[in-house]
Amino acid sequence: MKRVLTSGFYKRHVLEVAPELLGKYLVRKYRRKEHAYRITEVEAYDGPDDKACHAHKGRTKRTEAMFAEGGIWYVYLVYGMYDMLNIVTGEKDYPAAVLIRGVEEISGPGRLSRDIRISRHFNGKKAAPESGLWIEDRGEKVTKKDIQATPRIGVAYAGECAKWKYRFLLKAN
DNA sequence: ACGATGATGAAC
DNA sequence: TTCATCATCGTA
């Protein structure tokens, strides 16, 4: 059973959406072929009070996509080299998103976007088959005890927020 | 352990 | 317009 996730799934609180993305499939259509990757690691970025969230300083040109309603991509460049892939969550005008940090067989968000040919041209696009990049539920059941929560990576600058357990991983079998 | 590499936002 | 900063990776 395959079901494409639609805006109803994404238009909820980011902390509800993030762990549910584990075990779902990121699907990339490229040159008429579909490639699916099982999501194993995500991080939540939640609104203006989260100092690790780009939008905590306010609405800017870069973060504009984060303020859209849930279900669109937010992609941006980091360290001058790598594009980070995020899916926006929640209602319009509330900035929150989930960073897709790892999928099976590919480690690291920088390699992920490079290997499956994602770049900033997806920024602001909808997560749907028409855009060539979306997420599917393939019927896998993931329960709370399959999931581990830890602090986020690479956000030491965020003070207190750096300690929040907003990173979710599938435990190894 | 560290350099590559460039957009971003804030300060001057 | 200049500067420090950065949600990373590959080579050492």
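Per chain, numbering begins at 1; letters A, B, ... match sequence-line order. From a predicted model like this one, the values you see are computed outputs, not experimental measurements. Quick note: numbers below take in every heavy atom, side chains included, and nothing from hydrogens, waters or symmetry partners.
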Looking across every strand, which nucleic acid part, if any, lies under 4.0 Å from [X] by heavy atom: base, sugar-phosphate, or nothing?
X      : answer
A/G80  : base
A/I153 : sugar-phosphate
A/M84  : sugar-phosphate
A/R111 : sugar-phosphate
A/S107 : sugar-phosphate

Find the distance [X]:[atom1] to [N]:[atom2] and express it as a whole number of Å.
X      : N     : atom1 : atom2 : result
A/I100 : C/dT8 : CD1   : C1'   : 17 Å
A/L77  : C/dT8 : CG    : P     : 12 Å
A/Y79  : C/dA4 : OH    : P     : 17 Å
A/H56  : C/dC6 : NE2   : P     : 11 Å
A/K57  : C/dC6 : NZ    : C1'   : 10 Å

Less than 4.0 angstrom between a side-chain N/O of A/Y82 and OP1 or OP2 of C/dT8, yes or no?
no
Between A/R114 and C/dC9, does any side-chain N or O lie under 4.0 Å from OP1 or OP2?
no
Is the number of heavy atoms from other residues, nucleotides or ligands within 6.0 Å of CZ (A/R59) greater than 12?
yes
Side chain [X], main chain [Y], donor-acceptor under 3.5 Å:
X     : Y      : answer
A/R28 : A/R117 : yes
A/W73 : A/H121 : no
A/D50 : A/G47  : no

Carboxylate-amine/guanidinium contact A/R120 A/D83, below 4.0 Å
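Yes, A/R120 and A/D83 are salt-bridged.
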Check this for me, if you would: do A/E105 and A/R38 make a salt bridge, where the nitrogen-to-carboxylate-oxygen distance has to be below 4.0 angstrom?
no
Polar contact flag, side-chain donor to acceptor under 3.5 angstrom, A/D115-A/Y37:
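Looking only at side-chain atoms, A/Y37 and A/D115 do not form any donor-acceptor pair under 3.5 Å.
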Would you say the side chains of A/Y166 and A/R152 form a donor-acceptor pair under 3.5 Å?
no
Excluding sequence neighbours, so at least two apart, what forms ring-ring contact (aromatic ring centres under 6.0 Å, His included) with A/H56?
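ring-ring contact (aromatic ring centres under 6.0 Å, His included) list for A/H56, sorted by chain: empty.
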Bounds of contact between DNA chain B and chain A, in 5' to 3' order, using a heavy-atom cut-off under 4.0 Å
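In short, chain A contacts DNA chain B from B/dA4 to B/dA10.
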Secondary structure string for DNA chain B (Watson-Crick or G-U under 3.5 angstrom, | for other-strand pairs)
||||.||||||.
Please tell me which of A/M81 and A/T60 maps to the more 5' nucleotide of DNA chain B, matching each residue to the nucleotide holding its nearest heavy atom.
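So the residue in question is A/M81.
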